[in-house]
*Asks:* 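Okay, here's the structure, questions in a sec.
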Amino acid sequence: MRIASWNVNSIRVRMPMVVSWVRRFAPDVLALQETRCADADFPHGELEALGYEVVHHGDGPRNGVAIASRVGLESIEKGFRGPQRGAYREARLVGAVCAGIRIHSVYVPNGRALDDPHYLFKLVWLERLRGHVQLLGGDTPQIAVGDFNVAPADIDIYDPVRWRHRTHASPPEREAVAALVDLGLRDVFRERDPSPGLFTWWNYRSPLVENRGMRIDLALVDEVLAPRVTATEVDRVERATERPSDHAPIWLDVDPGR
DNA sequence: ATGACCTGTGTAACAGGA
């Protein structure tokens, strides 16, 4: 079973790339982030024509998450449970059970700056994600994929010294991600590839060849499924194409068992 | 020098991104 994740930075702009990528890589499940459109504007039809069911959770020009699956799409959860107030209404989380695995498509708040209120929102949001995963982690195995906007360790940033006092690298947000790992959600991309330069995002302003990137798109796989992961890849080729997203697609293969 | 870009929006400068 192949599970992919991609922050597309506008589905309206990127839909042709998504369709061609899906044809080439044939994911069973594709989690999308930053679709940046309302539910009514999401182009369901093109993915449905390829055999996918789609759930989109979007609230307008920012955020927006989706899951496309050709192996079933059940028990859909949009956002956190309970009352959604203020910024917590933003469309940053959608989950569904696909072929017996609960997939969470995650778009963690950016944080903006360490002294910005948005940074506190990011930390609380990550803690709420931990509660959400814990709540839904019954008998159904789980994978949380998406744009976590946190580089878990210095090796995940091209210049960690430069980023020491910025968002994406600060100790509190790294600890928030570590708290997810403590639940048994394993960072399988890093486990399988210890090399530096394993990035998933590159700033549009920096030439790609300089590889000034960060690894902020993660797949956190629970302890039942992690030993069954047979492949993890970042598709850097897609990032180098014409008019790309600033994030590369990532994908992993999981042996579904019997 | 992550500076130099991209996307969306009240189509003209701005938010916001990371």
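In what follows, chains are A, B, ... by sequence order, proteins preceding strands, each numbered from 1.
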*Asks:* If you check the R205(A) side chain, which of dC6(B), dT2(B), dC5(B) turns out closest?
*Replies:*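 Among the listed nucleotides, the one closest to the side chain of R205(A) is dC5(B).
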*Asks:* For dA18(B) and N110(A) - does any side-chain N or O of the residue sit under 4.0 Å from the phosphate oxygens OP1/OP2?
*Replies:*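 For N110(A), the contact criterion (side-chain N or O under 4.0 Å from OP1 or OP2 of dA18(B)) is met.
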*Asks:* Using 30° and 60° as the class boundaries, would you call the ring planes of Y88(A) and F121(A) parallel, tilted or perpendicular?
*Replies:*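 Geometry flag for F121(A) against Y88(A): perpendicular rings.
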*Asks:* Distance check needed: dC6(B) P versus R243(A) CZ, whole Å only.
*Replies:*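 Taking atom P of dC6(B) as the reference, CZ of R243(A) is at 9 Å.
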*Asks:* Could you state the NE2-P distance from H168(A) to dT2(B), rounded to the nearest angstrom?
*Replies:*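 After rounding, the gap between these two atoms is 16 Å.
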*Asks:* On DNA chain B, check which nucleotide each of R14(A) and D246(A) is closest to and give me the residue with the more 5' one.
*Replies:*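 Going by which nucleotide is closer to the 5' end, it is R14(A).
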*Asks:* Identify whether any heavy atom of N7(A) sits under 4.0 Å from a base atom; if not, whether one sits that close to sugar-phosphate; answer base, sugar-phosphate or nothing.
*Replies:*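 The answer is sugar-phosphate, as N7(A) gets under 4.0 Å only of primed atoms, P, OP1 or OP2.
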*Asks:* Can you tell which of dA18(B), dT2(B), dT7(B) lies closest to the side chain of Y158(A)?
*Replies:*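 When the side chain of Y158(A) is considered, dT2(B) is the closest of dA18(B), dT2(B), dT7(B).
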*Asks:* When all nucleic acid strands are considered with a 4.0 Å heavy-atom cut-off, which category describes R166(A): base, sugar-phosphate, or nothing?
*Replies:*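 No contact.
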*Asks:* Look at the side-chain N and O atoms of H247(A) and state whether any lies under 4.0 Å from the OP1 or OP2 oxygen of dA18(B).
*Replies:*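 Checking H247(A) against dA18(B): at least one side-chain N or O falls below 4.0 Å of OP1 or OP2.
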*Asks:* I need the NE2-P distance between H118(A) and dA15(B), as an integer number of Å.
*Replies:*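 Rounded to the whole Å, the gap is 15 Å.
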*Asks:* Look at the side chain of N149(A) and the base of dA18(B), then say whether one donor and one acceptor between them are separated by less than 3.5 Å.
*Replies:*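 Such a pair does not exist between side chain and base.
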*Asks:* Please tell me which of W163(A) and I216(A) maps to the more 5' nucleotide of DNA chain B, matching each residue to the nucleotide holding its nearest heavy atom.
*Replies:*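 Its nearest nucleotide being more 5', the pick is W163(A).
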*Asks:* Rounded to whole angstrom, note down the C1' distance from dG8(B) over to dG3(B).
*Replies:*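 Per the computed distance, 23 Å lies between those C1' atoms.
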*Asks:* Could you state the CD-P distance from E210(A) to dA4(B), rounded to the nearest angstrom?
*Replies:*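 It works out to 14 Å between those atoms.
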*Asks:* Mark yes or no for a side-chain to base donor-acceptor pair under 3.5 Å between R36(A) and dT7(B), with no hydrogen or angle criteria applied.
*Replies:*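 Such a pair is found, so the answer is yes.
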*Asks:* Among dA18(B), dC6(B), dT7(B), which nucleotide sits nearest the side chain of S10(A)?
*Replies:*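 Nucleotide nearest to S10(A)'s side chain: dT7(B).
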*Asks:* Any base atoms under 4.0 Å from D147(A), or only sugar-phosphate, or nothing? Heavy atoms, all strands.
*Replies:*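 Sugar-phosphate, no base atom in range.
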*Asks:* Taking atom P in both dA18(B) and dC14(B), compute the distance separating them and give it to the nearest angstrom.
*Replies:*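 Their P atoms lie roughly 22 Å apart.
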*Asks:* In whole Å, what separates the C1' atom of dT7(B) from that of dA12(B)?
*Replies:*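 Rounded to whole Å, the distance is 15 Å.
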*Asks:* What heavy-atom pair brings H168(A) and R174(A) nearest, and what distance separates the two atoms?
*Replies:*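 Answer, listing the atom of H168(A) first, then R174(A): O-NE, 4.5 Å.
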*Asks:* Expressed in whole Å, how much space separates the P atoms belonging to dC6(B) and dG10(B)?
*Replies:*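 It works out to 22 Å between them.
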*Asks:* Between dA15(B) and dA1(B), how far apart are the two C1' atoms, rounded to whole Å?
*Replies:*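 Here dA15(B) and dA1(B) have their C1' atoms 23 Å from each other.
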*Asks:* What is the distance, rounded to the nearest whole Å, between atom CZ of R92(A) and atom C1' of dA18(B)?
*Replies:*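 Atom CZ in R92(A) sits about 12 Å away from atom C1' in dA18(B).
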*Asks:* Out of dC6(B), dT2(B), dG8(B), which has the shortest distance to the side chain of V13(A)?
*Replies:*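 Ranking dC6(B), dT2(B), dG8(B) by closest atom to the V13(A) side chain puts dG8(B) first.
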*Asks:* Is the aromatic ring centre of Y204(A) closer than 5.5 Å to the centre of the six-membered base ring of dT2(B), with the two planes inclined by less than 30°?
*Replies:*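 Here the ring of Y204(A) and the base of dT2(B) are not stacked, as the 5.5 Å and 30° limits are not both satisfied.
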*Asks:* Classify the glycosidic conformation of dA15(B) as syn or anti, calling it syn when the angle lies within 90° of 0.
*Replies:*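 Syn, which is what one calls it when the glycosidic angle falls within 90° of 0.
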*Asks:* Please pick, from dA15(B), dG3(B), dC6(B), the nucleotide with the shortest atom-to-atom distance to any side-chain atom of R62(A).
*Replies:*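 Among the listed nucleotides, the one closest to the side chain of R62(A) is dA15(B).
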*Asks:* Begin with the C-alpha distance, continue with both residues' side-chain angles, and end with the deciding distance and a verdict on side chain to side chain donor-acceptor pair (under 3.5 Å) for D147(A) and W201(A).
*Replies:* CA-CA 9 Å; D147(A) 177 3; W201(A) 170 89; over 6 Å; no
*Asks:* Rounded to the nearest angstrom, tell me the gap between atom CG in D41(A) and atom P in dG8(B).
*Replies:*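 One finds 11 Å between P of dG8(B) and CG of D41(A), rounded.
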*Asks:* Assess whether side-chain contact (heavy atoms from CB on, under 4.5 Å) is satisfied between L252(A) and R192(A), documenting all intermediate values.
*Replies:* CA-CA 11 Å; L252(A) 63 143; R192(A) 294 178 55 88; over 6 Å; no
*Asks:* For dG8(B), give its Watson-Crick or G-U wobble partner with both distances under 3.5 Å, or none.
*Replies:*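 For dG8(B), the partner nucleotide comes out as dC14(B), under the 3.5 Å rule.
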*Asks:* Answer with yes or no whether the side chains of N211(A) and R236(A) bring together a donor and an acceptor at under 3.5 Å.
*Replies:*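 Yes, side-chain donor-acceptor contact under 3.5 Å.
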*Asks:* When the distance from CD of E173(A) to C1' of dA18(B) is rounded to whole Å, what number comes out?
*Replies:*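 Computing the E173(A):CD to dA18(B):C1' distance gives 11 Å.
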*Asks:* Have Y158(A) and N203(A) got a donor and an acceptor in their side chains that come within less than 3.5 Å?
*Replies:*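 Short answer, no.
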*Asks:* Look at R215(A) together with D187(A) and state whether they make a salt bridge at an N to O cut-off of under 4.0 Å.
*Replies:*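 Yes.
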*Asks:* If you check the R162(A) side chain, which of dG16(B), dC6(B), dG3(B) turns out closest?
*Replies:*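 Closest of the options to the side chain of R162(A): dG3(B).
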*Asks:* Could you state the CG-C1' distance from N63(A) to dA15(B), rounded to the nearest angstrom?
*Replies:*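 That distance rounds to 13 Å.
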*Asks:* Using atom P in both nucleotides, what's the gap between dT9(B) and dT2(B) to the nearest angstrom?
*Replies:*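 Here dT9(B) and dT2(B) have their P atoms 30 Å from each other.
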